[in-house]
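All remarks here apply to the structure that follows.
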There are 2 protein chains.
Amino acid sequence: MAVYTEVTDEALRAFLTDYELGGLIAFRGIAEGVENSNYALRTESGDFVLTLYERRVDPAELPYFLGLMEHLARAGLACPTPVRGRDGEALRELAGRPAAICTFLEGVWPRRVRPEHLAPLGDALARLHAASGDFAGRRPNALGPAGWAPLLEACRGRGDEVQPGLMAELEAQLADILAGWPAADALPVGQIHADMFPDNVFFLPDAEGRPRVSGIIDFYFACTDLLAYDIAVCLNAWCFEADGAFNLTKARAMLATYQAVRPLSAAECAALPVLCRGAAIRFLLTRLYDWTHTPADALVTRKDPLEYLRKLRFFARVESPGAIGA
Amino acid sequence: MAVYTEVTDEALRAFLTDYELGGLIAFRGIAEGVENSNYALRTESGDFVLTLYERRVDPAELPYFLGLMEHLARAGLACPTPVRGRDGEALRELAGRPAAICTFLEGVWPRRVRPEHLAPLGDALARLHAASGDFAGRRPNALGPAGWAPLLEACRGRGDEVQPGLMAELEAQLADILAGWPAADALPVGQIHADMFPDNVFFLPDAEGRPRVSGIIDFYFACTDLLAYDIAVCLNAWCFEADGAFNLTKARAMLATYQAVRPLSAAECAALPVLCRGAAIRFLLTRLYDWTHTPADALVTRKDPLEYLRKLRFFARVESPGAIGA
């Protein structure tokens with residue numbers, strides 16, 4: 001569900017007069033995405049996505065997100081391009097919310113990840129990192145290592161209801177992860193997507209019918225952090241099978257194409273297992289937070305935190321980067 | 001929220017090979033609609049809506065719905081046209097569900113109904129009734145008068161939790177409505193939409209900037225019933241202001257353009273107040289049923305039943321058809 005704020009047609013028509021997009025032709029809520037309200041918008045100029053930023057997004061951070069998307073799109077990456085109004089501004093206001101119109105991207109996100117998706121994914125992720133190298137914006141990772149202990153603390157009251165003993169296990173894991181975490185200057189840093197899950201990556205078949213990346217969306221967790229952490233997120237999000245098994249073939253396919261564009265340093269390879277544990281606990285903790293804090297009758301689908309407990313345990317047992325494809 | 005069944009991209013691609021629509025270009029869940037899963041689908045042939053019919057829909061009734069839409073579209077009504085596969089069939093199966101692809105309709109449904117919407121609405125409703133005159137299909141109205149007492153009975157356990165005394169009031173209202181209900185052969189009967197709410201009617205501005213109906217969607221409550229009952233649904237759904245006041249100007253505007261196409265008989269005019277009470281209790285009862293039966297953590301937004309209690313009370317006080325615009 002992703003329509004929290006309703007937009008009247010009068011308000012929308014008035015809003016569109018600030019753009020050079022022609023008249024309104026169609027406007028429908030999009031079911032995907034959980035943070036913001038998204039609408040498929042068609043005008044005489046073509047197709048767009050209108051996003052209204054909801055309470056979880058800090059308006060002060062929107063220029064970073066929109067600026068990064070514009071920068072990446074200019075560099076040739078297939079990501080939504082913010083559309084500027086007549087006054088040159090892309091970030092506007094609609095229905096009392098910050099709002100922006102971005103270009104529509106073709107493609108379909110993979111409901112079931114196949115091995116063939118991983119090579120184009122690795123290539124696209126490396127190109128994203130390369131293209132963001134000369135972007136001037138900076139945004140700390142609010143859901144990075146410094147944020148995990150407070151998140152865990154916020155779950156304390158009800159975390160063990162999800163699984164007995166969960167909180168103690170997570171405390172031990174977190175201490176271990178933080179002790180092994182690389183120093184901020186030890187590995188290459190840049191702009192990372194930080195939420196590169198399958199539903200944020202669109203594919204279309206190329207001339208030979210193989211999947212190619214046609215779009216990367218939802219940059220609203222993007223931040224300035226260790227580039228290899230983005231790989232760790234993808235290893236968590238793309239390389240486990242439905243039965244919980246880690247698929248080494250997928251991991252290797254992604255890392256091979258990634259490294260063809262941006263080879264990992266020895267230090268990055270060595271850090272990958274702990275970065276994967278960190279990514280696993282990050283998604284576990286936000287899911288656990290949502291699980292224990294979302295009213296049971298809310299519109300948002302609560303995702304299972306324990307899926308990430310299994311991934312966390314897997315990565316905690318990894319003894320060398322080779323075991324996860326590096 | 002309207003994506004209950006996820007479709008893998010492989011399954012979708014395989015499904016599309018049964019059509020002559022060309023390759024898949026884009027595929028996104030649509031947030032609107034509550035009964036079925038709806039996806040915006042773009043192929044090399046254009047834009048479509050893919051619907052997967054969920055448990056509430058009886059598969060045996062789908063040929064009626066799809067046949068009616070095809071019939072109306074052929075007659076020039078702006079409604080979704082089912083797309084037939086290579087074998088001539090429009091109703092197929094996808095992801096274990098009955099599924100159909102229909103044409104995409106341009107336009108925007110009015111989040112806030114303005115008086116200017118009512119004239120084109122009345123005209124479109126009358127044209128729908130006129131065009132369905134030679135449609136051979138028949139479907140009893142499962143949510144018609146015979147269904148209201150069982151629905152009320154099914155709410156008995158928890159209905160008074162919504163408002164003390166509610167069940168007794170509804171029992172009295174229902175007895176009164178059923179006593180005054182017109183006989184099946186007393187008024188013109190035909191195919192009715194039966195759910196013509198603002199979110200099912202799309203508008204676009206005409207050359208002078210006035211709204212015209214560009215699409216009527218969601219025929220999955222359509223049935224064979226009193227034509228004037230469809231007007232009663234619209235009087236409930238389109239003619240009340242946010243403060244609960246009935247807007248006679250809107251009602252008159254709709255009835256005037258309706259009658260320019262299909263004049264109401266004296267018997268239909270006389271029956272309109274009780275038909276309006278019936279439509280009010282119908283939506284009240286299904287909302288009350290959902291309110292008392294939907295798990296609190298379900299994805300569906302539960303609509304307020306009491307909105308229709310206020311409308312029911314209003315129509316119960318109406319002393320002549322003129323008071324509601326007829």
Side-chain angles (χ1 to χ4, degrees), chain A residues 1-13 16 23-34 37-44 47 49 95 104-114 116-117 198-199 202-205 209 211 214-215 217 294-302, chain B residues 1-13 16 23-34 37-44 47 49 95 104-114 116-117 198-199 202-205 209 211 214-215 217 294-302:
Chain A
M1 173 67 190
V3 175
Y4 303 94
T5 302
E6 277 292 1
V7 179
T8 67
D9 38 330
E10 300 100 304
L12 178 61
R13 275 178 225 279
L16 286 176
L24 174 61
I25 292 180
F27 184 60
R28 306 221 175 144
I30 298 176
E32 292 157 20
V34 293
S37 295
N38 289 302
Y39 289 93
L41 168 70
R42 180 174 297 176
T43 76
E44 288 166 334
D47 286 292
V49 173
F104 174 88
L105 294 176
E106 295 185 341
V108 180
W109 66 263
R111 273 71 178 173
R112 191 166 63 210
V113 174
R114 286 175 288 130
E116 307 90 271
H117 290 116
D199 57 347
F202 296 164
F203 292 84
L204 279 177
S214 62
I217 63 163
T294 306
D297 62 349
L299 288 173
V300 177
T301 316
R302 299 186 301 176
Chain B
M1 173 67 190
V3 175
Y4 303 93
T5 302
E6 276 293 2
V7 178
T8 66
D9 37 330
E10 299 100 304
L12 177 62
R13 274 177 225 279
L16 286 176
L24 174 62
I25 293 181
F27 184 62
R28 307 222 174 141
I30 298 177
E32 293 157 19
V34 293
S37 296
N38 290 302
Y39 290 93
L41 168 70
R42 180 174 297 176
T43 76
E44 287 166 334
D47 286 292
V49 173
F104 174 88
L105 294 176
E106 294 185 340
V108 180
W109 66 263
R111 272 72 178 171
R112 191 165 64 209
V113 174
R114 286 175 287 130
E116 307 90 271
H117 290 116
D199 56 348
F202 296 164
F203 292 84
L204 279 177
S214 62
I217 64 162
T294 306
D297 62 350
L299 289 173
V300 178
T301 315
R302 298 187 301 175

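Numbered from 1 within each chain, the chains take letters A, B, ... in sequence-line order. Remember, it's a predicted structure, so these values are computed and weren't measured experimentally.
One finds the CG atom of A/D9 at 8.5 Å from the CZ atom of B/R112 (value rounded to the nearest 0.5 Å).
Across all non-hydrogen atoms, the minimal contact from A/R28 to B/I30 is NH1-CD1, 4.5 Å.
For chain B, the option among A/I25, A/L204, A/L105 with the highest count of heavy-atom pairs below 4.5 Å is A/I25. Most heavy-atom pairs under 4.5 Å with chain A, from the set B/E106, B/E10, B/R13: that is B/E10.
In this view, A/D47 and A/R42, B/R42 satisfy the side-chain hydrogen bond (donor to acceptor under 3.5 Å, both in side chains) rule, not counting sequence neighbours. Every residue two or more places apart in sequence or in another chain that forms a side-chain hydrogen bond (donor to acceptor under 3.5 Å, both in side chains) with A/E116 is listed here: A/R114.
Heavy atoms of A/V49 lying under 4.5 Å from chain B belong exclusively to its side chain. Proximity to chain B involves both the backbone and the side chain of A/L24, based on heavy atoms less than 4.5 angstrom apart.
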